Amino acid sequence: MKKVILLRFGEIYLKGKNKGYFERVLLRNIKTALSNIDCIVNKTSGRYIVSDFDDMDYNNIVSKLTKVFGLTSLSVATEFDTSRNNIENFLANFKTNVKTFRVSVKRADKTFNIASNEYEKILGEIVLNANPNLKVKLKEPELELVVEIRENKKTYVLTESINCAGGMPVGTAGKGLVLLSGGIDSPVSAYMMSKRGLELVALHFHSFPYTSLQAKEKVIKLAKILSNYTGHIQLICCPFTEIQEEIHKHCSPEFMITIMRRIMMRISKIVCDKFNAKAIITGESLAQVASQTLESINVTNEAQTTYPVFRPCIGMDKSEIIDISQKIGTFETSILPYEDCCTVFLPKNPVIKPHLNKVKREENKLDVEILIEQAITKLEITEI
C-alpha cells in the first residue's frame, strides 16, 4: 500500500491510431516538469502515475503538473493490489469528519466479477459501519470516495480531483514563433497556442537606448513565467533601433507603425526559416489599437506570406485577456512601467485604414533589405 498521484488526460483519447505518439510526448513532458524532484513516473492502463516521492515534495509536484498541457486532472490516491479483502479492509478503516458521502466504483478491470453499482452498495455499508455519523447522499455529497479498479491489477482509492491545464502536449503540433513584447496580450497568445501543442520560439524587438535594459529583462522574466507551461523557450532579441530611426527620418509619421510592423513580419519570416518554426503568433486583438484594424492587419500580412499568422486574442475583449494573464501569472510583470519598442517615436495620428499602395510608396524611401540584414546579424539568443 502506498501513496501515489494519478494523472488523467482528455483530448488525446480522440487521436485514434496516433494516440501512442501523443501519450509518449506527454509522458516526456511530465518527466521534464518533474526532473528536479526525486520520484518515479509510469504510464499504465490509461493513466500516468507518479510514485515514490517524498511527502514534502507533494505540493511542488502538484504545482508543476497542473501546468503541463495535455493533463486534465490529477488526484492523490492510495494504491494497493486488487482484491476484495484489500479494498474492504481499507474502507473499514477509513475515517472522515464530513456528514454526507457516496462511494463511486470505476471497474476498468472486468475480471473483477462484481458489478460496479452492486459493489458501491457493499462498500458504502462498510464505510457507514466505520463512520456511524455519516449519511449517504448520491447528489452533491460533501465527500465522494472513488474506488478505481484498474487493468494493471491495482486499485486506487481517492477523494478529490484537482484540475490541470488541459489542451494538447507541447511539441505535438510543431513549432511556432511568438512575437513577445512586454505587454499583456502577447504572453497570453503564447500560452494559448502552446496549449494547443505548439513548441515556442520567442522573438522580441528592442530599441536600446530608447527602451531600457529593464524592458528587456522584463521580457526575459515573462518568458520564464511562460516556460512553466511551455517548457524550454529560445528567446531571440532583435535590435530595432536603427530601423525605427530610419523610418522616423524618411517616412510620413502616420505610416510609421504600419511600416514598422511590416518589417517585423519580414524579420519574423527569416527567424522562422532559421529556427524551423512554421507559424507566427501575435497578441493582436481586433480594433484594440490603430494597428489592429482589419485594414492594418491585411497590410501587415502582405509583408510576408510564407507562414500563417495566428492571432489567438483577435476576438477577445481586453478584460478577457487580462483575466487569462492573471490566471497564468504574467499580468504583474506585464504592467511594469518599462516601455517596449512600439512606443518609440509614436505618432500622434497613426493611419487607421492604410492603403497598401501608399504604404509601399513610403516603404520605398527605405533600404528595407539592408536594414533587415543588419538587424538579423545582431540577434541575441537566450535559453529559457
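Hydrogens, waters and symmetry mates are skipped; everything else that's a heavy atom, side chains included, is used. Bear in mind the structure is a predicted one, so any value in this text is a computation, not a measurement. Heads up: numbering here begins at 1 and tracks the sequence.
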Side-chain H-bond candidate by donor/acceptor type, H248 with Q244, under 3.5 Å | no
Tested for ring pair (Phe, Tyr, Trp, His ring centres under 6.0 Å) against F9, the lone hit among F22, Y48, F69 is Y48
Can you check whether F310 reaches M192 side chain to side chain, under 4.5 Å on heavy atoms?
-> no
Would you say K99 has more than 12 foreign heavy atoms packed within less than 6.0 Å of its NZ?
-> no
Pair D109 + K154, salt bridge at N-O below 4.0 Å | no
Transitive ILVMFWY side-chain link L180 to I225, under 4.5 Å | no
E383 atom CD: more than 12 heavy-atom contacts under 6.0 Å | yes
Hey, what do you get for CD1 (I5) to CD1 (I61), rounding to the nearest 0.5 Å?
-> 4.5 Å
Scan side-chain atoms only and decide if S73 and R8 contain a donor-acceptor pair under the 3.5 Å cut-off.
-> yes
Tell me the side-chain hydrogen bond (donor to acceptor under 3.5 Å, both in side chains) pairs involving residues 263-279, sequence neighbours left out?
-> R266-E363, K269-D273, D273-Y307, N276-K278
Is the NZ or CZ atom of K3 both under 6.0 Å from the centre of the six-membered ring of Y58 and within 45° of that ring's axis?
-> yes
Between K139 and R102, is any pair of side-chain heavy atoms under 4.5 Å apart?
-> no
Is there a side-chain contact between T155 and N86 (heavy atoms, below 4.5 Å)?
-> no
Side-chain contact test, heavy atoms from C-beta onward, threshold under 4.5 Å: evaluate it for L198 versus I281 and give yes or no.
-> yes
Are side-chain heavy atoms of L336 and Q214 found at a separation under 4.5 Å?
-> no
